[in-house]
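Quick note on labels: first sequence line is chain A, next is B, and so on, each numbered from 1.
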Amino acid sequence: MDITNYVVLAAVLFAIGATTVLLRRNAIVVFMGVELMLNATNLAFVTFARMHGDLTGQVLAFFVMVVAAAEVVVGLAIIVTIFRTRRSASVDDVNLLKG
Amino acid sequence: MNEVIGLAPWLVGFPLIGAAILLLGGRATDRWGHWLGVAASAASGAVAFILMFRMIGTPAEDRSVDHHLWTWLSAGNLDVDLGIRLDPLSMTFVMLVTFVGTLIHIYSVAYMDHDPDRRRFFAYLNLFVAAMLTLVLANSYLLLFVGWEGVGLASYLLIGFWDTGRPSARENAVAAKKAFVMNRIGDMGLIAAMALLFAHAGALDFGTALSEDSVGTMSQATATAIGLCLLLAACGKSAQFPLQAWLGDAMAGPTPVSALIHAATMVTAGVYLMVRSGAILEAAPTAQLVVVLVGAVTLLFGAIVGCAKDDIKKALAASTMSQIGYMMLAAGLGPAGYAFAIFHLLTHGFFKAGLFLGAGSVMHAMGDQTDMRRFGGLSRFLPITWITMGLGWLAILGIPPFSGFWSKDGIIEAAFIPVEGQPWRAWVFGTVAVLGAAITAFYMTRLFFMTFGGRRPRWTENQHPHEGSPLMWWPLVFLGVGSAALGLVLGIGGTFTTWLEPVTGHAEHHEPVLPVPVIITATLVVVVLGALLAFRMYAVNLVPEEAPRGSVLTRAARKDLYQDAANETLVMKPGYGLARVVQVGDRDVVDRGWSVLPQAVSWFGGVFRKAQTGYVRSYAAGMAGGVLVIAVVVWLVVGLGGAQ
Amino acid sequence: MFPWLTALIAWPLVGAAVVALGALGRSRTGSANAGTGLARPVALVFSLVEVALLVGAFLAFDTSAAAEHQLAETHAWIPQIGTSYAVAVDGVGLLLVALAVVLVPLVLLAAWNEQGRDEVRLRRFVGLVLLLQAFMVAVFAARDVFLFYVLFEAMLIPAYFLIGGFGQGAGRRQAAVKFLMFSLGGGLIMLAAVIALYFLAVGAGVDPSKAFLVDELVGVNLGTIAERLMFVGFFIAFAIKAPMVPVHSWLPDVAGNATPGTSTLLICVLDKVGTFGMLTLCLPLFPEASRWAAPFVIALAVISVLYGAIMAIMQTDLLRLVGWTSVSHFGFIILGIFTFTPLGTAGSSFMMLNHGLATGALFLVAGFLVARHPERSQRITDYRGLRSVTPVLAGTFLVAGLATLSLPGLATFVSEIMVLIGAFSGAPAGSAAWTVAAIPGVVLAAIYVLLTYQKIFTGAPAEGLEALPDLRARERIVAAPLVVGLLVLGLVPGLALTYVDAPAQQSATTIAVDDPADAAAQMGSDK
Amino acid sequence: MNGNEFVAPEIDWLALAPLIVVLGAGVVGVLLEAFVPARARRVTQIVLTLAALAGGLAFVVYLWPQIVAQPVQVVGGSVTLTPFALGAQGIIALLAFLGVLVVADRTATGQDAFAPTASAVPGTSYEDLARKSGLEQTEIYPLLLFAAGGMMLFASTDDLIVMFIALEVLSLPLYVLCATARRRRLLSQEAAAKYFLLGAFASALFIFGVALIYGFAGTVRLLEIAQRVQQGALPLEGMSALLVAGVLLVTVGLLFKIGAVPFHAWTPDVYTGAPTPITGFMAACTKAAAVAALVEVLYRISIGVQAVDPEIMRQLQVVIVVVAVLTMAVGTVIGSVQTDVKRLLAYSSIAHAGFLLVGIAGFGPQVQSSTLFYLLAYGIATIGAFAVVTLVRERRVTPGAPEDNGPVADDGVVLGEATEIAQWAGLGRKAPWLTAAFALFLLSMAGIPLTAGFIAKFGAFAGATSGGLWWLAVLGVLASVVAVAFYLRLLVVMVFQPGTVEPASQVEPASRVEPVETGVSTSSTSEGATGEGAEGSTSEGSVATATKVQVTAAQRVVVTVVRSRGPAAVAIAVCAIATVILGVFPSLVLNLVAEASKFVP
């Protein structure tokens, strides 16, 4: 398999994640889109690490995972708070601030 | 001469100090202010006499003296001294101004007796004398301009002297403004002339600018341009066509003012300017022709208007305009005419001042009535006025040996002198001059007999005319004597012409197209005919108290040949229209144009803020789209980069 | 040597600081806050001491070398940027400094009772006036382009507060904003030019630590296009300030809404920065571009002359009218500057001084008049027949008006005639024609002055105004120096011309268009 | 070398000291939450936080001469201390210190800006209980320290992964802080949600860019990337599009934090919704960190590519120029139609991002120093301005109550901030000093000479001009004119417009303020002021509008200025004085920041 395939797959995953962010209304799903983007990145990292033949990329993937986990903690907390207040997790409902 | 020239600044100084004291002193000087004014003028007159006698005692070629006071304006390559030029021409004026001026000051003490603002009046009069003397004594166009506008200011202040507290206050004020503004139109000419002169000669003093070096190297076009610009100035100041409209309205001022400023002195400043700038005019025949034309037109214009006016002062004002037309005509004739222009100016100064003061005396007696149709038969009640005005009447008609004869006849003769290559000129202008004399005879006779003659007074009720105080009639006597004798004294043997020769240059003697005795005879004949016609109409026939409708010409003349309507239509309405356009344009185009900028920003702001929808997903879309857009822009601007 | 200029700049700052102590305290209406009442006297004393300092500066100034920038002080200010505190004045600068110094005490005196009795408000008012004075003095003395720019903008701020906070018109806030937006807009465009100028100069080999100093920048070849662009940048700022048609729109609004004292400082002194900048920055720094732009500038200047005058005639508001007359007068000044003749330039320089005196007098006297009206009306038609009621006021107004219409014998005449005569023989194409076109301005001036005088002072006194008091002693003291100044300078203009003549000669030499043909050839080759 | 032997890494701990102090204090702060009794917690936390930031600043000052003499790389380049990076650290520490002062101020109302329990649902009895028991959320201080530490690291690393982690370290606490407002909690939560979602999205873009760069260069260290590009020793020779795309995405991540268009959309919403002291902190410090990071990235990358491939350099420049132009335009144009003070300041901050980018876009020799100065000038004005906003409040007044009789006799309950511009009318009369300070900050932001903002803006435009982008400077100038217009609008309202209400009185005794208001105040009389809240109440139903203090139709809302308890006043005063000093005598600071341009890679 050519390396291009891996990179393209990463790009496709990334695009899917981004599209999810743009299209889905539920905050949790939006957030999952972000996670997908991060994981696409991880794929890219490990692919490139293999290509370069060093471990840096793989280590980086772990960093990204950790960060993603941290984001989840904070993100879910915020989303949950909003959900408790508004009884809705739709990102389209939070638009008091505009203009 | 040089030993007394140091006195010359006092000619201006005395009245100037007088004006300053009276203006700054305020009410404290009310009690004696008028006498201070008289004294200032008289002191100036005394200095004038001293200088005059010294000048007479000086050889003709040394009579022109320049006196430097201080460097006035020195910047760039322009140097103008504040200096005095005393020569026979300015001396003539100085004598006229101080002598007539002092008489009128004295007259005014009585005439303005009951006016609470008499002090202010004298302050203005003194200011006028100072400015007028500055005008004639200046040794440069720039300083002349100071006097030029100074007299304009004094004229403005005096025309509008009664600008509050009277029913006619507003009209007086408007008349004053009109005079000043029309003078300013003329002043544009003087400014332009100075600019041209400076561009050509690099100097504005008479000594340099009018020297052979300067005028001799002047191109025809430059000389013509300067000449015409100066003429414009003269037209404004001397109420010559087409800037004549202010003079009639200027009669709103107190009568002594009309006598001094709007008859004897200020209005003749234009003639002075022409004569002073003779060197330039001689280099520009076209300009000269225009000067003559203006003179001729104004001469007839004033004369025609004078025939129809029932207001004694306005009739006299029209007459003044017409007489200055004579002078202007003469001034355009070259050296042959200069002397007579100034001579007529001098004699006119006496007889017209006398006539105006006489009119003032009549008005004083008739309770400020100016309508001649309500006079009549006054000779019995105002004998001194009658006699002195009679002398003035004879003088202006040009009946020998009264003074007007000597000067006006000279002008008529000069007008008949042929000009090379333009034979029509002598005939046309000569005829106009003679015709003018005839009309003059008509309207002055009309004025004289409507006032003093007639079998039946047409007075309004409760009139008890009587002579005023001696302060009023003594000046009349002096002026009457002058009107009678001045021409004889100065005219016989060409004394006056010779006197002015150092300034005007010697005129080659040319023969008029008609023999001189023929001209004199013809003139006298038409004058007598005109006078007889007027006598028949206004002394023999009854004068109606209400003006009859009159012919088309009469009605036109009554309305000053529609000069105000013409100005209104040709200048003021378009001018106002233009101003409206500018005003609306400033508000709706310029100002609004600038306010479009903030409005546009606000509009865009209002549009763009809609992009800030409040939806997270649209923000994210914006970011993603932004990435793509930037990538595309990079691609478009730089191309797909790199080493590929 | 005593640092006269720094003293002149610093002293009002000290004064402002002294009176401002407590100026930010709470403002309360009513008599409770009458305070010590010392704000006005203290400020007046400061401004009078400033006049004494000015005398010192005049004595220290060598008139025989008026073209040189004297009393110079140069200290590093922000070396990293390459700017210094460099102040010096030539004759023109000194006269304008004098104008700023002399007018302030008069304005303070004129506005004595204008701002009520609230001590805090008064402190703010006089503090702002003194602050403005310091900036104005400094801007005329600045010899560093950056410093000049900084002051050029900074002085807008006190002016802004004076208009918006202490004005008497209903539209004062909008007027203040308009003023600031126009001025800042122009100023910021100038900023771009200032920055570009610096880098071009450094590129041309000027020492970076001195590349803002005007003296270093003169004669640097910037390249034709760049020079013209920078000229435009500077010129727009100055034209707005001057103000010149069509960027004048802010001025009538300010004149109509600010207090007369503020208008005096603003239009008679502060706006001179525009023409002063054209004369001392545009011409020497960008001679080629100045020649290139001159025909256009002259045309605009003449249009300003006529436009301002016509608009003045059409005004119904007395103070706006005075504002419009200034548009006309600034047109004359610019005409004189951009025709590059020694005479015209000297005339313009002199006119900057005279306009300050004449228009200042007119503004202040008009202010006295308005202050007398029971409703403080500025409408001309609300007045009538006051000549007999308030003769001294009428007389003073008339003298100020006559000065505005440049009556011969007054200083304004000398300068105006110098401009006209000089400009007529100017080198740029069309100078003569445009000058002739400007001459009708004198007629229009007569109309707007005399028409106003006629409406206000003649006729039967208007109802309710029959018992107005005449000028008080304080007001006479304000008017007298201005009137005397106009008269004396009219009869002995040499007193001032000594200071402006040499700089004008030098300016004309710098611009070097003695021979129009040469200049034309040079311009042709540049293309 | 023996494999079993542990070799301790050589770490220059001193160089890390500023970071360690700040982040360490954050950790200590978390522990304090557990061990210090509730009463003393707040004071302890504040003292610790301020001390940590001051200590960090002190270490920066201490390190300065060394670093200026010789930059150091610590922990394998994870922290690379150049004078520029250290300067950025110092500025962030200083601004954070000032920001914390504002955060710490409880004002005369006795309440800080934060919800007693941010997790409580607005309007519930639990929230009531928390409030009544006087709970305070002192966790905000450690959060602030973490954010500040993250920012300092963000600005001073050479390693893109460290940069990513720093990005998250600074972002995550800010997300939380945004959600903690005491009043208008709906808005606060919404701000947090938006900030979080978009921030996460931007982070993902950033890290994907890092991945691409890694793929291209085989390393994530900027200097190494540059070296490899220069040496041509690249695994994927010829695929420089990968590098361009990677750098583009990394830049986008940074531009998001800067608030540059088109990645700015979060800024106005978050700035408006977040508690005002946090907004000030965020606006000043985050921008400083992100701009510093952007400069580091761009410069390090550019030295690599410039020699080899000027085209890529130009591509980078085009990106910055396009974004700068868009940012200035959008910031100023939309800013000019704002009616809310906080939102206006938010757009102003966007516009300033544009001006900063103008200075950077020239890639001139002085960019580092002028940028640092700009960040400092902008930061102090911003913190000062938001500090002022915290003190301008609404107060409920019941008609009939003798409100005109001075401060004692009204029944005033101080509500939230009065952020509607129209409400600021007459502020100049109510609080002259405060207004003067605010005016000064506005003038500085507008770039009026003799304020710090002018020198800053001058530096930015000079930077563009010296880089040949004079036309960009002209555009910047035009944008400044528009920006001036909206600052001026605010100034006019404050200074010249008379207030619609009586001369306000300051709320003196804290006890007079009922400690009961939270949530969104609704009112029919105070249009606009609380309009957003009112709108929320209609859309969300009664649950959301847990408004204990209802302003009934019979009552009015007036604007009042509450007195600072001290810290905020100190912050405002320091900011104001610094603004003037930096404007009139900037030499000293300019000298310092001039060193920052040394050792530009």
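Here C:H248 contributes atom NE2 and B:D586 contributes atom CG; the two are 4.0 Å apart, rounded to the nearest 0.5 Å. B:Y156 OH to C:L398 CG: the interatomic distance, rounded to the nearest 0.5 Å, is 5.5 Å. The OG1 atom of B:T164 lies 11.5 Å from the CZ atom of C:F457; values are rounded to the nearest 0.5 Å. Here CZ of C:R387 is found 3.5 Å from CZ of B:R120. Values are rounded to the nearest 0.5 Å. Of the inter-residue distances, the one linking B:I191 atom CD1 with C:F413 atom CZ reads 7.0 Å to the nearest 0.5 angstrom. We find the CD1-CZ distance between C:I439 and B:R184 to be 11.5 Å, quoted to the nearest 0.5 Å.
Put simply, of C:V389, C:L497, C:L450, C:I310, the one with the most heavy-atom pairs under 4.5 Å next to chain B is C:L450. When the candidates B:M194, B:H200, B:M182 are compared by the number of heavy-atom contacts under 4.5 Å with chain C, B:M194 comes out ahead. With respect to chain C, the highest number of heavy-atom pairs below 4.5 Å among B:A195, B:A169, B:S168 belongs to B:A195. Highest contact tally toward chain C, considering only B:N183, B:N77, B:L597, B:V181, is held by B:V181 [criterion: heavy-atom pairs under 4.5 Å]. Interface summary for chain C: among B:L204, B:T134, B:D117, B:V174, the most heavy-atom pairs under 4.5 angstrom belong to B:V174. When the candidates C:S425, C:P342, C:G459 are compared by the number of heavy-atom contacts under 4.5 Å with chain B, C:G459 comes out ahead. Ranking C:I417, C:T435, C:T345 against chain B, the residue ahead of the rest is C:I417, based on heavy-atom pairs under 4.5 Å.
Side-chain contact check for C:K178 versus B:D591: some heavy-atom pair is nearer than 4.5 Å. B:Y576 places none of its side-chain heavy atoms less than 4.5 Å from the side chain of C:I313. When side chains are defined from C-beta on, B:L73 does not count as touching C:F350, because their heavy atoms never get closer than 4.5 Å. Counting heavy atoms from C-beta outward, B:F180 and C:L405 have side chains that approach closer than 4.5 Å.
Nearest heavy atom pair, residue C:Q505 against residue B:G76, reads NE2-O, 3.3 Å. Nearest heavy atoms, B:Q583 versus C:M311: CA-SD, 3.5 Å. The minimum heavy-atom distance linking B:R170 with C:I456 is given by the pair NH2-N, 4.4 Å. Closest of all the heavy-atom pairs between C:L491 and B:W70 is O-NE1, 3.0 Å. Scanning all heavy atoms of the two residues, the minimum distance from B:A173 to C:Q454 falls at CB-CG, 4.0 Å. B:W72 approaches C:P493 most closely through the heavy-atom pair O-CG, 2.9 Å.
Contact of C:M418 with chain B is made through the side chain alone, with heavy-atom distances under 4.5 Å. Looking at C:F182, only its side chain comes within 4.5 Å of chain B, counting heavy atoms on both sides. Only the side chain of B:L157 has a heavy atom closer than 4.5 Å to any heavy atom of chain C. Both the backbone and the side chain of C:S388 come within contact range of chain B, each with at least one heavy atom under 4.5 Å from a heavy atom of that chain. Contacts between C:V247 and chain B at a heavy-atom distance below 4.5 Å involve backbone atoms as well as side-chain atoms.
With hydrogens and angles disregarded, no donor-acceptor distance shorter than 3.5 Å links the side chain of B:W148 to the backbone of C:P408.
Proximity to chain B among residues 440-447 of chain C is limited to C:P440, C:V442, C:V443, C:A446, C:I447, judged by heavy-atom separations below 4.5 angstrom.
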